[in-house]
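Notes follow once the structure below has been shown.
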Amino acid sequence: MNNINSYISENRERFLNELIELLKIPSISADSAYKNDVLKTAEFVAESLTKAGCDTVEICKTEGYPIVYGEKIIDPNLPTVLVYGHYDVQPPDPLELWDSPPFEPVIKKTELHPEGAIYARGSCDDKGQMYMHVKALEFMTSTNQLPCNVKFMIEGEEEVGSVSLSTFVKENQEKLSNDVILISDTGMIAKDIPSITTGLRGLSYVEVEVTGPNRDLHSGLYGGAVANPINVLTKMIASLHDENNHITIPGFYDNVEELSAEERAEMAKAPFSLEEYKKALDIDAVYGEEGYSTNERNSIRPTLDVNGIWGGYTGEGAKTVIASKAYAKISMRLVPNQDWENITQLFKTHFESIAPDGVTVKVTPHHGGQGYVTPIDNIGYQAASKAYEQTFGKTPIPQRSGGSIPIVALFEEELKSKTILMGFGLNSDAIHSPNEHYGVFNYFKGIETIPYFFKHFTELSK
Ligand code: BES
Ligand code: MN
Ligand code: MN
């Protein structure tokens with residue numbers, strides 16, 4: 001790739017400013033109050049693709065938020081890379097924990113990012129990472145170095161389960177046909193340790209509701225004599241793990257892929273410091289399933305976590321009350337071979353079966369998706385590996401991630417192609433949390449590395 005570094009340095013300010021404009025639009029897909037902003041963001045993305053050199057750009061309507069589709073086909077005989085990303089973001093709350101407002105991006109220098117990091121909701125997940133592809137395309141088209149065909153598919157519902165995208169993919173197989181799918185929506189081990197994500201966990205997300213008496217009661221008059229839904233719910237939740245932190249749902253582990261000793265030994269070679277891990281989170285110990293290391297617990301093992309729990313009186317001061325209802329939102333991260341719909345059913349059956357007399361339990365499934373693993377013996381992986389070697393001077397390490405992008409398994413099923421996860425985020429970027437940020441270094445490194453992927457993939461396809 002000729003002149004990629006000079007192109008970046010000449011356009012540095014503009015590349016940052018454009019991303020900052022994109023980050024100012026609060027495209028929160030979970031909250032319907034932001035509908036117009038989400039739609040505005042789709043338009044921003046569409047315009048940016050046109051400016052970057054796509055020949056056709058469409059804002060494809062769906063039952064939910066639109067999918068922005070763009071393409072530049074230079075020769076039907078050349079390979080086609082399909083870039084996927086998302087323009088929606090997570091809600092920013094709790095707002096009071098942000099040092100600067102989530103939709104007023106600022107660049108701040110930090111110890112880890114002396115070049116600065118962009119603080120805003122979506123800076124890393126996924127607007128910043130998605131926009132690297134738009135700028136990489138701009139570089140390739142404007143310097144006449146696009147070596148193959150490219151398609152873009154940027155959705156606005158990733159953070160809420162990609163419901164419309166599933167339908168879109170199923171209905172547009174021809175339009176979306178490709179030789180490889182490229183995504184930057186994951187992370188890497190460290191700023192100077194490039195890695196390629198080779199696995200994503202699946203997900204089953206459910207909401208539970210425990211109902212006791214038909215109304216809230218005086219906790220003195222009735223306490224001790226009727227089932228308290230909050231007491232019951234917490235007891236039921238606690239019983240979902242045993243003393244070794246194994247999940248107790250019958251059948252939960254039945255299909256879990258067990259890694260061989262060799263594979264686990266290979267994984268353990270990835271650089272990792274437990275001390276730094278604890279220090280970064282200000283905890284004095286890690287916690288998790290017996291018999292597995294921290295990196296195993298957060299990647300190759302399934303988990304169950306309460307994401308939220310509520311009920312009763314949570315206002316100021318004290319109110320003596322037994323609530324009629326208690327609720328929780330529970331996620332289960334799944335590993336290859338666990339089917340999310342089957343797991344959801346196992347959870348429902350089990351959770352209903354452990355409810356004591358005196359309460360009723362309702363389990364409502366939200367969304368979910370299958371896990372994903374990419375083999376490393378394919379040209380997509382090799383092209384990515386060569387690209388990182390060129391821009392980092394190091395061979396990237398394959399690593400399974402604990403996060404989920406459920407649509408990736410569906411891509412493979414429907415479009416029959418492999419996905420390459422070239423993520424440039426860091427665990428410290430605080431995605432989904434207050435003060436999400438994305439290193440300026442990471443942003444530009446991504447823009448620099450992506451064109452090499454296109455180059456090597458095209459060459460390896462010959
Ligand atoms: N980009 C993340 C997933 C991710 C982050 C994977 C870092 C690997 C490393 C994505 O936007 C996300 O947040 N996914 C959700 C699932 C979705 C169905 C809401 C998740 O993992 O919680
Ligand atoms: Mn994401
Ligand atoms: Mn996310």
Side-chain angles (χ1 to χ4, degrees), residues 22-23 27-31 41 45 64-65 83-92 102 120-133 153-166 182-190 194-207 295 298-300 302-308 329-335 340-341 343-344 365-374 398-411 419-434 436-438 442 446:
L22 173 60
L23 290 169
S27 50
I28 308 164
S29 51
D31 188 343
T41 312
V45 173
Y65 286 122
V83 175
Y84 162 82
H86 62 94
Y87 64 81
D88 64 322
V89 301
Q90 285 275 328
R121 171 57 87 232
S123 54
C124 171
D125 183 12
D126 180 40
K127 285 173 171 171
Q129 295 209 68
M130 176 270 288
Y131 206 68
M132 300 180 317
H133 288 267
M153 177 170 68
I154 312 297
E155 71 154 318
E157 294 181 356
E158 196 277 340
E159 298 292 8
V160 290
S162 302
V163 178
S164 304
L165 187 66
S166 307
L182 183 61
I183 304 180
S184 296
D185 192 22
T186 54
M188 56 182 187
I189 295 178
S195 55
I196 299 175
T197 303
T198 50
L200 293 164
R201 285 196 284 193
L203 180 72
S204 163
Y205 200 108
V206 298
E207 185 164 330
N295 271 339
N298 67 27
S299 65
I300 60 162
T303 58
L304 182 152
D305 278 291
V306 178
N307 294 246
K329 291 184 194 275
I330 297 175
S331 68
M332 288 163 278
R333 296 282 169 171
L334 311 175
V335 298
W340 78 272
E341 283 172 319
I343 292 291
T344 305
H366 275 266
H367 52 74
Q370 311 295 59
Y372 183 73
V373 250
T374 4
Q399 202 190 38
R400 290 219 214 167
S401 170
S404 310
I405 312 177
I407 202 71
V408 172
L410 189 109
F411 288 161
T419 290
I420 303 302
L421 298 157
M422 286 177 71
F424 292 88
L426 297 172
N427 278 349
S428 53
D429 289 344
I431 62 171
H432 295 205
S433 305
E436 174 177 355
H437 55 281
Y438 190 41
N442 302 64

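FYI, side chains are in, hydrogens and waters are out, and symmetry mates aren't considered; it's all heavy atoms of this structure. For ligands, and for the atoms within them, numbers begin at 1 and follow the listed sequence. Note that the numbering runs from 1 along the sequence shown for the chain.
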At less than 3.5 Å, what protein N or O atoms come close to the N or O atoms of ligand 1? Include the distances to 0.1 Å.
unit_1: ligand 1; atom_1: 1 (N); unit_2: Asp125; atom_2: OD1; d: 3.3
unit_1: ligand 1; atom_1: 1 (N); unit_2: Asp185; atom_2: O; d: 2.8
unit_1: ligand 1; atom_1: 1 (N); unit_2: Asp185; atom_2: OD1; d: 2.8
unit_1: ligand 1; atom_1: 1 (N); unit_2: Asp185; atom_2: OD2; d: 3.0
unit_1: ligand 1; atom_1: 11 (O); unit_2: His86; atom_2: NE2; d: 3.2
unit_1: ligand 1; atom_1: 11 (O); unit_2: Asp125; atom_2: OD1; d: 3.1
unit_1: ligand 1; atom_1: 11 (O); unit_2: Asp125; atom_2: OD2; d: 3.3
unit_1: ligand 1; atom_1: 11 (O); unit_2: Glu158; atom_2: OE1; d: 2.7
unit_1: ligand 1; atom_1: 11 (O); unit_2: Glu158; atom_2: OE2; d: 3.4
unit_1: ligand 1; atom_1: 11 (O); unit_2: Glu159; atom_2: OE2; d: 3.2
unit_1: ligand 1; atom_1: 13 (O); unit_2: Glu159; atom_2: OE1; d: 3.2
unit_1: ligand 1; atom_1: 13 (O); unit_2: His432; atom_2: NE2; d: 2.8
unit_1: ligand 1; atom_1: 14 (N); unit_2: Glu158; atom_2: OE2; d: 3.4
unit_1: ligand 1; atom_1: 14 (N); unit_2: Ser404; atom_2: O; d: 2.9
unit_1: ligand 1; atom_1: 21 (O); unit_2: Arg333; atom_2: NH1; d: 2.8
unit_1: ligand 1; atom_1: 21 (O); unit_2: Ser404; atom_2: N; d: 3.0
unit_1: ligand 1; atom_1: 21 (O); unit_2: Ser404; atom_2: O; d: 3.3
unit_1: ligand 1; atom_1: 22 (O); unit_2: Arg333; atom_2: NH1; d: 3.4
unit_1: ligand 1; atom_1: 22 (O); unit_2: Arg333; atom_2: NH2; d: 2.7

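Summarising the local packing, CG of Asp31 is surrounded by more than 12 heavy atoms from other residues, nucleotides or ligands at distances under 6.0 Å.
A 4.5 Å side-chain heavy-atom check between Val89 and Leu23 finds every atom pair outside the cut-off. Side-chain contact between Lys329 and Tyr205 is present, with heavy atoms from C-beta onward closer than 4.5 Å. Between Arg400 and Asn295 there is no side-chain heavy-atom pair separated by less than 4.5 Å.
Applying the side-chain hydrogen bond (donor to acceptor under 3.5 Å, both in side chains) rule to Ser331 yields the partners Asn307; only residues at least two apart in sequence or on another chain are considered. For Gln129, there are no side-chain hydrogen bond (donor to acceptor under 3.5 Å, both in side chains) partners, not counting sequence neighbours.
Listed by chain and residue number, the protein N/O/S atoms under 2.8 Å of the Mn ion (ligand 2) are His86 NE2, Asp125 OD1, Asp185 OD1, Asp185 OD2, with waters left out.
With hydrogens and angles ignored, the 3.5 Å screen pairs a side-chain donor or acceptor of Arg121 with a backbone N or O of Ser433. Of the possible donor and acceptor atoms, none in the side chain of Thr198 sits under 3.5 Å from a partner among the backbone N and O of Val373. Between the Ser404 side chain and the Pro406 main chain, no donor and acceptor come within less than 3.5 Å of each other.
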